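Here is the structure we will look at.
Quick caveat, the model's predicted, so the values are computed rather than measured. So that the names make sense, note that chain A is the first sequence line, chain B the second, and so on, each numbered from 1.
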Protein chains: 2
Amino acid sequence: MPWETQFNIEATLEKALHVFWEYGYNATSMRDLTKRMGINSGSIYSTFGNKRTLFLSALDYYNKISVIHLKRYQQLESSKQGIIRFFEHIRDTILAGNDVHGCFIVNTTLEMAPHDKEMSALVSKGQDIMRKFFKDLIKKGQTTGEISSNINATDTSELLLGLLVGVRVLTRTNPTKKQFNVVINNVELILSS
Amino acid sequence: MPWETQFNIEATLEKALHVFWEYGYNATSMRDLTKRMGINSGSIYSTFGNKRTLFLSALDYYNKISVIHLKRYQQLESSKQGIIRFFEHIRDTILAGNDVHGCFIVNTTLEMAPHDKEMSALVSKGQDIMRKFFKDLIKKGQTTGEISSNINATDTSELLLGLLVGVRVLTRTNPTKKQFNVVINNVELILSS
DNA sequence: AATAGTTATAAACGTTCGTTCAAAACTAAG
DNA sequence: CTTAGTTTTGAACGAACGTTTATAACTATT
């Protein structure tokens, strides 16, 4: 008997994500969201709760697609190259001007995580996705002998995450190729020690 | 003939800095500022312009005191130890719960720099203060022979800044000693290569 | 064709926002 | 003691905020 939802919920959530991603939580207004999502506020509230829970859904969705995007680098024959190519991909995307708003997890880590427990939990989940990505590749490289067994996979994944986050912040304004290459060279050094 | 200003401008600006530092620009209201600064909105506007220019003044002030705080590490006899001790100081401050709001420059890099040219310029200035801090210490270490002349001071300072920023972001929520030590170990490795 | 049940619309709600400003408070000069 | 010039005060402004809601639109069942 009912009238089915007229919009694609996931596609609309993705649009909301892009607005939050661009301006952050506080600088995004509900009117910004209705415009970009293409639906009225009533539909947003009936579908996603309120502004805060919509943000939580967008953050959760971001984590979900992150996992999918990382798969590409996990499937390369060389796990060391998987890590390097991942850094190079970010470098090339940013330098080409195609990475418009940085890393949504990093942005949210600073803006919201210290003030909101649920957002903090999703941010931690996002960070853990990256830790696991690095750690799994390091361990895989160690089984094939490509990466030395002397390095600690857990510690090294934490270090690589730190390098990733740092360069993503510093290249948020005026990115240069050198900033990335300095980091990538250090990543190669770490994985070859 | 006039009535002299009743409040200490620099002390009041410092209070404003702490509010912006804690909540960010957008989540800080003028009412928050009047409360914490201890003066009324009229006095804020007549002294600092408006909310945005007050933020710019606070950011500039932060850069100024950063330079002063860094002097301590530049005066150590060992420049390598100057860098290490700097990282250790941040680690100990955060783990003791005394670093309440992270690095104001890093916070502003993500929240405001992409959307405000003047803020972006002050953020770049703050980043350059750190680059110069690392670079000068590396060069000094190279003149004394403590640090190898094979390493590039400019590139390495960029790398150290990346490591610093990364660990500051990741330890914004649930910091652990290990996160810092992994980074510090890598810093030592870099400075000894 | 009528109806029951759900969704979409957009105007309206009370609140809070950044900012302004007239009045009060004050001080140093005349 | 008066006055001219500056600062402080806090109420008030219009605008924008997140959210609600009554009404219209729509569809599957009867």
Quiz item: Can we say E158(A) and K178(B) salt-bridge, meaning some charged N sits less than 4.0 Å from an Asp/Glu carboxylate O?
Solution: no

Self-check item: Basic-acidic side-chain contact under 4.0 Å: E146(A), K140(A)
Solution: no

Whole-Å distance between [N] [atom2] and [X] [atom1]?
X      : N       : atom1 : atom2 : result
R31(A) : dT9(C)  : CZ    : P     : 16 Å
M37(B) : dT7(D)  : CE    : C1'   : 15 Å
K51(A) : dA16(D) : NZ    : P     : 15 Å
Y23(A) : dC17(D) : OH    : P     : 12 Å
Q6(B)  : dT6(D)  : CD    : C1'   : 11 Å
F48(A) : dA8(C)  : CZ    : P     : 11 Å
F7(A)  : dC26(D) : CZ    : P     : 16 Å
M30(A) : dT16(C) : CE    : C1'   : 17 Å

Answer with base, sugar-phosphate or nothing: what part of the nucleic acid does [X] contact at a heavy-atom distance below 4.0 Å?
X      : result
S43(B) : base
T28(A) : sugar-phosphate
T47(B) : nothing
S29(B) : sugar-phosphate

Exercise. Report yes or no: is there a donor-acceptor pair, N or O only, under 3.5 Å between the side chain of S46(A) and the base of dT6(C)?
Key: no

Quiz item: Can you find an N or O donor on one side and an acceptor on the other, under 3.5 Å apart, linking the side chain of S41(A) with the base of dT20(D)?
Solution: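 It does, because a donor-acceptor pair links the side chain of S41(A) to the base of dT20(D) below 3.5 Å.
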
Quiz item: Taking the nucleotide of DNA chain D with the closest heavy atom to each, which residue, N26(A) or G42(A), is nearer the 5' end?
Solution: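 By nearest-heavy-atom nucleotide position, the 5'-most residue is N26(A).
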
Quiz item: Does K51(B) make a cation-pi contact with Y25(B) (under 6.0 Å, within 45 degrees of the axis)?
Solution: yes

Quiz item: Do V183(B) and L163(B) come close enough that some side-chain heavy atom pair is under 4.5 Å?
Solution: yes

Practice problem: Using distance alone, with no hydrogens and no angle criterion, decide if E111(B) and N26(B) have a side-chain donor and acceptor under 3.5 Å apart. | Solution: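 Yes, a side-chain donor-acceptor pair sits under 3.5 Å.
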
Self-check item: N40(A) side-chain N/O to dA8(C) phosphate OP1/OP2 under 4.0 Å
Solution: no

